[in-house]
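The structure appears right after this line, and notes come after that.
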Amino acid sequence: MNLSFWRGKTVLLTGHTGFKGSWLSLWLQKMGARVVGFALASPSTPNLFEIANVADGMFSIHGDVRDLTALKRVIRQHQPEVVFHLAAQALVRMSYDDPIETYSTNVMGTANLLESIRQTDCVKSAVFVTSDKCYENNEWIWGYRENDPMGGHDPYSSSKGCAELVVSAFTRSFFLQKNGSQSITGIATARAGNVIGGGDWSRDRLVSDIMTAIAADRQVVIRSPHAIRPWQHVLEPLRGYMMLAEQLYHHGAEYMGGWNFGPEDQDARPVSWIVDRLTQLWGHGATWAVDNTTNPHEANYLKLDCTKARHLLGWKPNLKLSAALEWIVRWYRCLNDGASMGQITLDQIENYESIIKENDNDY
């Protein structure tokens with residue numbers, strides 16, 4: 001990962017007020033990028049965007065990706081060289097409550113941004129973040145590869161599969177010449193597993209639910225204790241997104257398509273394993289129980305094959321799940337102690353960069 005690549009680059013980031021968007025905004029700011037954010041207000045209160053004062057070092061624009069005119073205006077005014085699309089309705093259970101908003105945001109929002117990029121010549125690379133849930137999940141024991149079929153049982157997963165198809169169609173129709181060479185913009189999608197980290201208060205996410213209950217001195221109540229997910233600290237896929245964007249910027253067509261970013265096989269763990277570790281790390285009598293009420297369908301087993309990213313990008317996981325959980329508990333303890341959470345978050349980014357450098361030297 002070339003940290004100096006980002007110095008002075010103008011980067012448009014949709015969804016910058018969300019959990020992943022806030023971490024990415026701070027990281028890009030740290031590396032000297034001129035960051036322009038376009039998003040609705042953060043979907044939770046509290047939220048990392050406000051607690052870490054993310055807006056202080058960037059241009060933060062309130063807007064909806066379903067508004068094509070607004071997207072075109074932002075790109076025309078700020079002339080971004082790199083785009084990250086993270087804006088989404090990102091919750092499975094909410095997609096059951098409001099499937100129309102889920103599809104309109106995740107599918108038409110993606111199409112609107114692609115169309116806005118198509119009508120400019122400033123954007124050199126764009127990474128569209130979808131989800132590991134975009135795949136047709138057959139509950140296999142092996143990981144899904146980038147050429148496996150799109151699908152999705154629930155509206156959220158389906159909408160992410162649809163978004164992948166929209167990106168593919170725009171890429172082949174508008175961003176590649178007939179001979180397969182790049183036109184002007186390198187376009188790719190990124191599919192990551194379940195991301196965790198400090199500052200996530202989104203409803204119906206495991207770590208968020210655990211830490212919210214602990215902060216309120218309540219017993220943690222969880223769904224689907226046996227469900228297995230590819231857990232990884234939020235900085236892991238964000239690094240992958242940035243490495244991919246850099247290669248798209250320089251090499252375009254060679255790196256277009258879909259990319260998986262997930263943890264090592266041993267870090268695909270059941271929900272019960274995560275909640276056990278987090279309550280133990282927190283201590284102070286934290287306990288948990290299983291929610292026995294009826295819940296909407298969610299996948300029981302899902303894993304990604306990240307061979308492509310390893311071999312073609314040189315990306316690999318750097319932070320073990322056990323360490324990631326320790327970082328999370330440390331982050332929330334600092335919050336409870338009244339620390340400056342912008343600085344704490346930047347400190348964790350810097351620590352992660354040090355681990356990358358050390359591991360790359362050993363690789």
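Keep in mind the model is a prediction, meaning the values are calculated, not measured.
No hydrogens or angles considered: nothing links the side chains of Trp327 and Asn351 as a donor-acceptor pair under 3.5 Å. Neither side chain, Tyr352 nor Lys357, offers a donor N or O lying under 3.5 Å from an acceptor on the other. Between the side chains of Tyr144 and Asn137, at least one donor-acceptor pair of N or O atoms lies under 3.5 Å. In this model, a donor atom of one side chain and an acceptor atom of the other lie less than 3.5 Å apart for Trp27 and Glu353. Defined by atom type and a distance below 3.5 Å, a donor-acceptor pair is present between the side-chain atoms of Ser202 and Arg205. A donor and an acceptor atom, one from each side chain of Trp331 and Thr345, are located under 3.5 Å apart. Side-chain contact check for Thr105 and Gln89: no donor-acceptor pair (N or O, by modelled atom type) lies under 3.5 Å. Asp276 and Gln280 share no donor-acceptor pair across their side chains, judged by distance under 3.5 Å alone. If you check the side chains of Ser95 and Tyr103, you find no donor sitting under 3.5 Å from an acceptor. If you check the side chains of His16 and Ser25, you find no donor sitting under 3.5 Å from an acceptor. For the residue pair Asn260 and Tyr135, a side-chain donor N or O sits within less than 3.5 Å of a side-chain acceptor on the partner.
From Gln348, atom CD reaches atom CE of Met341 across 7.5 Å, with rounding to the nearest 0.5 Å. Atoms SG and CZ, on Cys306 and Arg191 in that order, are 11.0 Å from each other to the nearest 0.5 Å.
With contacts defined as side-chain heavy-atom distances shorter than 4.5 Å, the pair Asp132/Phe261 does not qualify. By the 4.5 Å heavy-atom criterion applied to side chains, Leu206 and Ile210 are counted as neighbours. Side-chain contact between Ser157 and Asp154 is present, with heavy atoms from C-beta onward closer than 4.5 Å. Ile75 has its side chain within reach of Cys122: a pair of non-hydrogen atoms, C-beta onward, lies under 4.5 Å apart. No side-chain heavy atom of Ser125 sits under 4.5 Å from any side-chain heavy atom of Thr185. The side-chain heavy atoms of Met31 and Leu28, taken from C-beta on, include a pair separated by under 4.5 Å. Taking 4.5 Å as the limit, every side-chain heavy atom of Asp267 sits out of range of all side-chain heavy atoms of Pro317. Looking at heavy atoms from C-beta onward, Trp201 lies out of side-chain contact with Thr45 at the 4.5 angstrom threshold.
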Worksheet item: Please walk me through it: do Lys133 and Val92 pass side chain to side chain contact (heavy atoms under 4.5 Å, CB included)?
Response: CA-CA 10 Å; Lys133 297 175 181 64; Val92 171; 4.1 Å; yes

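Summarising the local packing, CG of Asn336 is surrounded by more than 12 heavy atoms from other residues, nucleotides or ligands at distances under 6.0 Å.
Both tests pass for Arg269 against the ring of Trp273: distance under 6.0 Å to the centre and angle within 45° of the axis. Taking the ring centre of Trp259 as origin, the terminal cationic atom of Lys308 falls inside the region bounded by 6.0 Å and 45° from the ring axis. Judged by a 6.0 Å distance limit and a 45° cone about the ring axis, Arg333 is positioned over the six-membered ring of Trp282.
Here the closest non-hydrogen pair linking Leu281 and Val329 is CB-CG2, 3.8 Å. For the residue pair Val129 and Tyr241, the shortest heavy atom distance occurs at CG1-OH, 3.4 Å.
Residues Ile100 and Leu40 do not share a hydrophobic cluster, clusters being chains of Ile/Leu/Val/Met/Phe/Trp/Tyr side chains in contact below 4.5 Å.
Residues passing the ring-ring contact (aromatic ring centres under 6.0 Å, His included) test with Phe170, sequence neighbours excluded: Phe174. With sequence neighbours excluded, the residues that form a ring-ring contact (aromatic ring centres under 6.0 Å, His included) with Phe5 are Tyr249, His250.
Salt bridge absent: Glu264 and Lys316 never bring a charged side-chain N and a carboxylate O closer than 4.0 Å.
Using a 30° and 60° split on the angle between ring planes, Trp23 and Phe19 fall in the perpendicular class, above 60°.
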